[in-house]
Asks: 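One structure coming up, written as structure tokens, with questions to follow.
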Amino acid sequence: MPAVAMEQIVSLSKRRGFFFPGSEIYGGLQGTYDYGPLGVELKNNIINDWWRTNVYERDDMEGLDAAILMNRLVWKYSGHEETFNDPLVDCRSCKSRWRADHIDGVCPNCGSRDLTEPRPFNMMFSTQVGPVADSGALAYLRPETAQGIFVNFANVLATTSRKLPFGIAQVGKAFRNEINPRNFLFRVREFEQMEIEYFVMPGSDEAWHQQWLEARLAWWAGIGVPRERITIYDVPGDELAHYSKRTYDLMYDYPNIGVQEIEGIANRTDYDLGSHSKDQASLNLTARVKLNEDSTARLQYYDPESRRHVVPYVIEPSAGVGRCALAVLCEAYAEELTKAPPPEKLQSVADGLTAFLKSVSRSDKLRPEHRDAILARGEAIAGALTERLPELEPLLALPGADAIELSKKLRGQAQPVLDEHYRTVLRLRPRLAPVKVAVFPLKRNHEQIVATARQIRRHLQGELGLRTVYDDTGAIGKLYRRQDEIGTPFCITVDFDTLGEGKDAAFAGTVTVRDRDSMAQDRVPIAELEAYLREKLR
RNA sequence: GCGGGCGUAGCUCAGCUGGUAGAGCGUCUGCCUUCCAAGCAGAUGGUCGCGCGUUCGAAUCGCGUCGCCCGCUCCA
């Protein structure tokens, strides 16, 4: 059961240190999030997996890391200065928004003349290069990393002797002054992109578009977002970006915000290489490009077979790291039963839920759609209360639920049962887990147990390079729960048997390795830990 | 950016019609031969988002601002 509400992920993130709202102590800065101790590990793991899959495991890819600041002309010829920059007005009567240059002081929707002043709206963040802020110093923070690849096309070609088809991969920050950043990590103003520009012979672009679609779906499945959880949106012509001939959007069904894009796979044709080239008239471009009088290069490729110069077509799979991390977390999230609660406790929650739902159905304070949503979810939970008890909290967070007095009582009844009989677990793929192994002493004030545990921890993180934590600040059950919550796949416990002081002397020199998902335990000799973990963490 | 709702300890919330804040959980420390959050004892933690105003006095009223949520918009 993946997350049923975004609040579950938001709350876990804050509580355990995945993501924090940016600049929080000064009241925040809309559209920014900071990656905490666990978030940065998850993010790095995602990026590394993407890089390994797309660069190391293929033989047709190169990497690149271009500057965020680029010559302003890049954005002139890429089309961003034009398409990311509009004067907008809002209609105060019907709340619609229009491009000021498209209407004549009258709202086309309702005919009202009550419009706001035109405001220039630029999706690109501007800045100055150099200390003098005159117009010649204007620069932008890149709104996509792709342009860094296009302007380096000739450099990469010259230095690697690549033949078509080949691709260039890049991971880096991009910045967009979104109208309305919202939905946690989903729409932010500063985000990290994982982008590939894959250059192919014109005419082979459609086949390669399909191949990349399949390759990308396979990657998502590999990080725990299976094919059946993704829908493919074949973007209709009138919604395509200015550079695209065809785009597949991969869509994930996030809790609360619904089906949303997690990756775009665009056929950018010869638009970008053509746009950034000089002598465009001689290049047989198929894309309509702005006349370029500034570029010093022809971004083309000499095809030895046809003995002709061609401008390659480009297939662009482009995904955001934050959105990816969010989808991975939602998919991995589970709250599940660990030991059956006593029937009488469950019954009192069931009664509380029944009373709450009855109160909801009678209430005249609720908007009908809110009432119906609460009732539908509530009845589904009531139908399988033992398994779905963890969904009570999200139910009570639905709009309108807090207007019902009984919601507080119900929460109070459910909370202790949840605390004691359920666990939160992130079923992350081990290679994405922020922490790979946790090491515990069974008894924290026993000198030798502690020393052994610390030593194992040091070894795993130092020599094996596995992110490992040591924790002795609670009873063993609590320590396991803490690690479950952040997705640590393995917990190692050092006990009296390890020291040869237990009941069975044969256990000397061994530790308990406990599996996150099954909660099963293995007794493993310390000397074999490395092989054991390497096998399981693959 | 527009409209609606909201903003009290790390989390979930209480604090009614104004008199300078509480609970549960969490976190931390000590004790316990303690393997799945259940013992005992103690501790930390909030200038009630921020600012201005009304008032003898504001978490509680008004205005502004920042942030969050829902809708319009957006599209990695």
Side-chain angles (χ1 to χ4, degrees), chain A residues 6-7 10-12 14-17 21-31 88-97 116 119 121 123 143-146 174 176 178-188 191-195 233 235 239-241 247 249-251 256-257 260-266 316-324 338-339 370 393 396-400 402 407-408 411-412 415-416 418-424 440-446 449 473-485 491 493 495-497 499 501-503 512 514 519 521:
Chain A
M6 195 67 91
E7 292 81 42
V10 174
S11 163
L12 179 66
K14 182 84 191 292
R15 198 169 65 245
R16 297 307 308 273
S23 311
E24 208 179 1
I25 64 168
Y26 287 109
L29 180 66
Q30 204 183 17
L88 298 178
V89 297
D90 288 302
C91 172
R92 291 196 179 95
S93 301
C94 71
K95 313 306 175 197
S96 56
R97 164 171 288 180
T116 59
R119 277 175 293 249
F121 191 83
M123 288 273 286
E144 62 171 14
T145 62
R176 292 184 192 176
E178 294 285 346
I179 301 175
N180 190 357
R182 204 171 274 196
N183 297 326
F184 197 42
L185 296 192
F186 187 78
R187 175 155 288 117
V188 289
F191 58 99
E192 198 135 17
Q193 292 187 308
M194 303 180 286
E195 292 202 301
Y233 181 60
V235 180
E239 291 178 22
L240 288 172
T247 297
D249 283 346
L250 306 188
M251 315 289 281
N256 297 43
I257 62 179
Q260 301 284 346
E261 182 182 352
I262 49 171
E263 173 157 1
I265 305 169
E316 177 196 73
S318 173
V321 179
R323 288 184 179 186
C324 175
T338 50
K339 64 178 176 192
H370 289 162
E393 191 59 50
L396 297 176
L398 287 176
D402 60 344
S407 66
K408 287 161 198 161
R411 179 181 279 124
Q415 210 61 258
L418 279 169
D419 281 350
E420 192 171 336
H421 301 278
Y422 293 77
R423 67 167 180 163
T424 300
F440 313 137
L442 185 64
K443 190 168 153 50
R444 70 167 145 168
N445 50 8
H446 188 288
I449 287 182
T473 59
I476 191 73
K478 179 179 285 191
L479 299 181
Y480 285 148
R481 290 291 184 276
R482 263 188 209 150
Q483 297 303 319
D484 287 344
E485 202 175 43
C491 293
T493 303
D495 59 11
F496 294 96
D497 285 323
L499 306 179
E501 295 175 14
K503 295 170 209 113
T512 299
R514 179 261 196 187
M519 298 196 283
Q521 301 187 349

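Atom set for the values below is all heavy atoms of this structure, side chains included, hydrogens, waters and symmetry mates excluded. All chains are named by letter (A, B, ...) in the order of the sequence lines, taking the proteins before the strands, and each is independently numbered beginning at 1.
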Asks: So, do A/S318 and A/Q193 sit near enough that their side-chain heavy atoms are less than 4.5 Å apart?
Replies: yes
Asks: Could you list, one pair per line, each protein nitrogen or oxygen that sits under 3.5 Å from a nitrogen or oxygen of nucleotides 43-48 of chain B, together with the distance?
Replies:
none

Asks: Check A/E7, A/K14, A/R15 against A/S11 for a side-chain hydrogen bond (donor to acceptor under 3.5 Å, both in side chains) and give me the one that passes.
Replies: A/R15
Asks: Rounded off to whole Å, could you give me the CG-to-C1' distance for the A/N183 and B/rC68 pair?
Replies: 11 Å
Asks: Rounding to a whole Å, what distance do you find between A/E501:CD and B/rU33:C1'?
Replies: 9 Å
Asks: For B/rG45, which nucleotide is its Watson-Crick or G-U wobble mate, given both distances must be under 3.5 Å?
Replies: none
Asks: Of all the nucleotides listed (B/rA76, B/rA38, B/rA37), which has the minimum atom distance to the side chain of A/V188?
Replies: B/rA76
Asks: Is there ring stacking between A/Y480 and B/rA37, where the centres must be under 5.5 angstrom apart and the planes under 30 degrees?
Replies: no
Asks: Select one nucleotide: of B/rC36, B/rC11, B/rU12, the one nearest the side-chain heavy atoms of A/K14.
Replies: B/rC11
Asks: Which whole-number value in Å describes the distance from A/D495 CG to B/rC35 C1'?
Replies: 8 Å
Asks: Both distances below 3.5 Å, Watson-Crick or wobble geometry, any strand: find the nucleotide opposite B/rG64.
Replies: B/rC50
Asks: Answer with yes or no whether A/E239 presents, from its side chain, a donor or acceptor under 3.5 Å of a partner atom in the base of B/rC75.
Replies: yes
Asks: Rounding to a whole Å, what distance do you find between A/L479:CG and B/rA38:P?
Replies: 10 Å
Asks: In the structure shown, which nucleotide is the Watson-Crick or G-U wobble counterpart of B/rG1, with both distances under 3.5 Å?
Replies: B/rC72
Asks: Which base sits across from B/rU17 as a Watson-Crick or G-U pair, both distances under 3.5 Å?
Replies: none
Asks: What pair of heavy atoms forms the shortest contact from A/I449 to A/L442, and how long is it?
Replies: CG2-N, 3.8 Å
Asks: Under 4.0 angstrom, heavy atoms only, what part of the nucleic acid is A/F186 near: base, sugar-phosphate, or nothing?
Replies: base
Asks: Rounded to whole Å, how long is the line connecting atom CG of A/L185 with atom P of B/rG67?
Replies: 17 Å
Asks: Given the rule in the salt bridge (charged side-chain N to carboxylate O under 4.0 Å, His left out) test, do A/R514 and A/D484 qualify, once you have shown the distances and angles that lead to the verdict?
Replies: CA-CA 11 Å; A/R514 179 261 196 187; A/D484 287 344; 2.7 Å; yes
Asks: Protein-nucleotides 24-29 of chain B N/O pairs closer than 3.5 Å?
Replies:
unit_1 : atom_1 : unit_2 : atom_2 : d
B/rU27 : OP1    : A/R482 : NE     : 2.7
B/rU27 : OP1    : A/R482 : NH2    : 2.7
B/rU27 : OP2    : A/K478 : NZ     : 3.3
B/rC28 : OP1    : A/T473 : OG1    : 3.2
B/rC28 : OP2    : A/R482 : NH2    : 3.2

Asks: Counting just side-chain N and O atoms, does A/N445 come under 4.0 Å of either OP1 or OP2 of B/rG30?
Replies: no
Asks: What's the closest nucleotide to the side chain of A/K339 if the choices are B/rA37, B/rU33, B/rA76?
Replies: B/rA37
Asks: Measure from the side-chain heavy atoms of A/Q30 and tell me the nearest of B/rG67, B/rC70, B/rG10.
Replies: B/rG67
Asks: Picking from B/rC75, B/rC35, B/rA38, which would you name as closest to the side chain of A/R176?
Replies: B/rC75
Asks: Tell me: CD1 of A/I476 to C1' of B/rU33, nearest whole Å?
Replies: 13 Å
Asks: Of the candidate nucleotides B/rC75, B/rU33, B/rC70, which contains the atom at the shortest distance from the side chain of A/K443?
Replies: B/rU33
Asks: How long is the span from the OG1 atom in A/T512 to the CG atom in A/D495, to the nearest 0.5 Å?
Replies: 5.0 Å
Asks: Checking side-chain polar atoms at under 3.5 Å, does A/T473 have a donor or acceptor matched by the opposite partner on A/R482?
Replies: yes
Asks: Return the nucleotide paired to B/rC40: Watson-Crick means purine N1 to pyrimidine N3 with N6-O4 or O6-N4, wobble means G-U with N1-O2 and O6-N3, both under 3.5 Å.
Replies: B/rG30
Asks: With a 4.5 Å heavy-atom cut-off, do A/Q521 and A/T493 have their side chains touching?
Replies: no
Asks: Taking B/rG3 as the reference, what is the distance to B/rG22 when you measure between their P atoms (whole Å, please)?
Replies: 39 Å
Asks: Does B/rA23 pair with anything, Watson-Crick or G-U wobble, both distances under 3.5 Å, and if so, with which nucleotide?
Replies: B/rU12
Asks: Using a distance-only criterion (donor-acceptor N/O pair, under 3.5 Å, no hydrogens), is the base of B/rC36 paired with the side chain of A/R514?
Replies: yes
Asks: Distance check needed: B/rA37 C1' versus A/R16 CZ, whole Å only.
Replies: 12 Å
Asks: Between B/rA38, B/rC69, B/rC75, which nucleotide gets closest to the side-chain atoms of A/R182?
Replies: B/rC69
Asks: Rounded to whole Å, how long is the line connecting atom CD1 of A/I257 with atom C1' of B/rC68?
Replies: 15 Å
